[in-house]
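Structure, as structure tokens:
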Amino acid sequence: MKYSKKVIELFVSPKNVGEIGNPDGEAEVGNPVCGDVMKIQLKVEDNCITDIKFRTFGCAAAIASSSILTELVKGKTLEEAKNVTYDVLVKTLGGLPPQKIHCSSLAIEALHKAIEDYIKRKSVENAPG
Ligand code: FES
């Protein structure tokens, strides 16, 4: 299996790794087949992702996908962030081996669930009574 230069670079030095103390939204997803786990946390202001961090216990493709995803969506609106698809990640990474495409989908799933969590928290906050 051959990884692109970009995947190796991000696997060795991933961006936006860590935890946000008081996140506005977060989600943890896993792939039951390979056992990899990915957690994404967000800070949101005026409908924009102002900060995003991740922790991925997984393969090089999963780590590189989470890293590139956080770089792509930081500063974007929630709608723009939701429009980033796994094939955008794969292209930005300079490609992934076919058997590793699911690793980039896992990153997208984590982001979508973290955004859903943010929307849920916000609707509870704004609920009357
Ligand atoms: Fe499990 Fe990559 S092999 S996410």
Side-chain angles (χ1 to χ4, degrees):
M1 190 174 338
K2 205 166 155 26
Y3 282 124
S4 70
K5 245 166 78 184
K6 187 77 187 162
V7 171
I8 293 166
E9 185 189 306
L10 290 175
F11 172 59
V12 175
S13 309
K15 309 283 190 302
N16 300 313
V17 175
E19 305 265 332
I20 293 176
N22 187 17
D24 296 320
E26 64 186 334
E28 191 172 293
V29 297
N31 181 321
V33 178
C34 63
D36 290 356
V37 177
M38 201 179 274
K39 181 176 177 178
I40 285 192
Q41 296 181 307
L42 306 171
K43 272 296 202 197
V44 180
E45 249 171 70
D46 295 332
N47 204 43
C48 278
I49 298 175
T50 53
D51 199 10
I52 179 164
K53 298 261 190 250
F54 80 92
R55 284 246 185 250
T56 293
F57 299 95
C59 68
I63 291 169
S65 296
S66 338
S67 178
I68 201 84
L69 177 67
T70 60
E71 288 184 84
L72 286 173
V73 301
K74 201 168 176 173
K76 292 231 160 77
T77 65
L78 296 176
E79 289 68 33
E80 287 167 339
K82 277 199 279 187
N83 284 336
V84 176
T85 55
Y86 76 89
D87 47 304
V88 172
L89 297 189
V90 173
K91 263 185 214 130
T92 317
L93 288 170
L96 278 177
Q99 65 272 42
K100 288 288 172 185
I101 299 290
H102 76 273
C103 316
S104 60
S105 311
L106 196 62
I108 297 292
E109 187 191 339
L111 174 68
H112 285 197
K113 290 213 165 137
I115 293 175
E116 274 168 33
D117 181 51
Y118 164 73
I119 292 168
K120 212 182 340 165
R121 289 185 196 200
K122 204 154 169 62
S123 63
V124 169
E125 242 172 56
N126 295 336

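For ligands, and for the atoms within them, numbers begin at 1 and follow the listed sequence.
A salt bridge links Glu109 with Lys113; the closest basic N to acidic carboxylate O contact falls under 4.0 Å.
Under a 3.5 Å cut-off, the side chain of Ser4 and the backbone N or O of Leu93 do form a donor-acceptor pair.
Expressed to the nearest 10°, the angle at atom 1 (Fe) of ligand 1 joining OD2 in Asp36 with SG in Cys34 is 110°.
Among the backbone and side-chain atoms of Cys103, an N/O/S atom is found under 2.8 Å from atom 2 (Fe) of ligand 1. His102 lies apart from atom 2 (Fe) of ligand 1 in this respect, since none of its N, O or S atoms is found at a distance under 2.8 Å.
Side-chain contact between Val17 and Lys53: absent, with no pair of heavy atoms (C-beta onward) separated by less than 4.5 Å.
Of all atoms in ligand 1, listed by their number and element, those nearer than 4.0 Å to a heavy atom of Lys100 are 2 (Fe), 3 (S). If you number the atoms of ligand 1 from 1 as listed, the ones under 4.0 Å from a heavy atom of Cys59 come out as 2 (Fe), 3 (S), 4 (S). Close approach of ligand 1 to Ala62 is summarised as follows: ligand atoms under 4.0 Å from at least one heavy atom of the residue are 4 (S).
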Point to revise | Pair Lys6-Ile68, side chain to side chain contact (heavy atoms under 4.5 Å, CB included): steps then yes or no | key: CA-CA 9 Å; Lys6 187 77 187 162; Ile68 201 84; 3.9 Å; yes

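Here the closest non-hydrogen pair linking Lys15 and Ser67 is N-OG, 2.9 Å.
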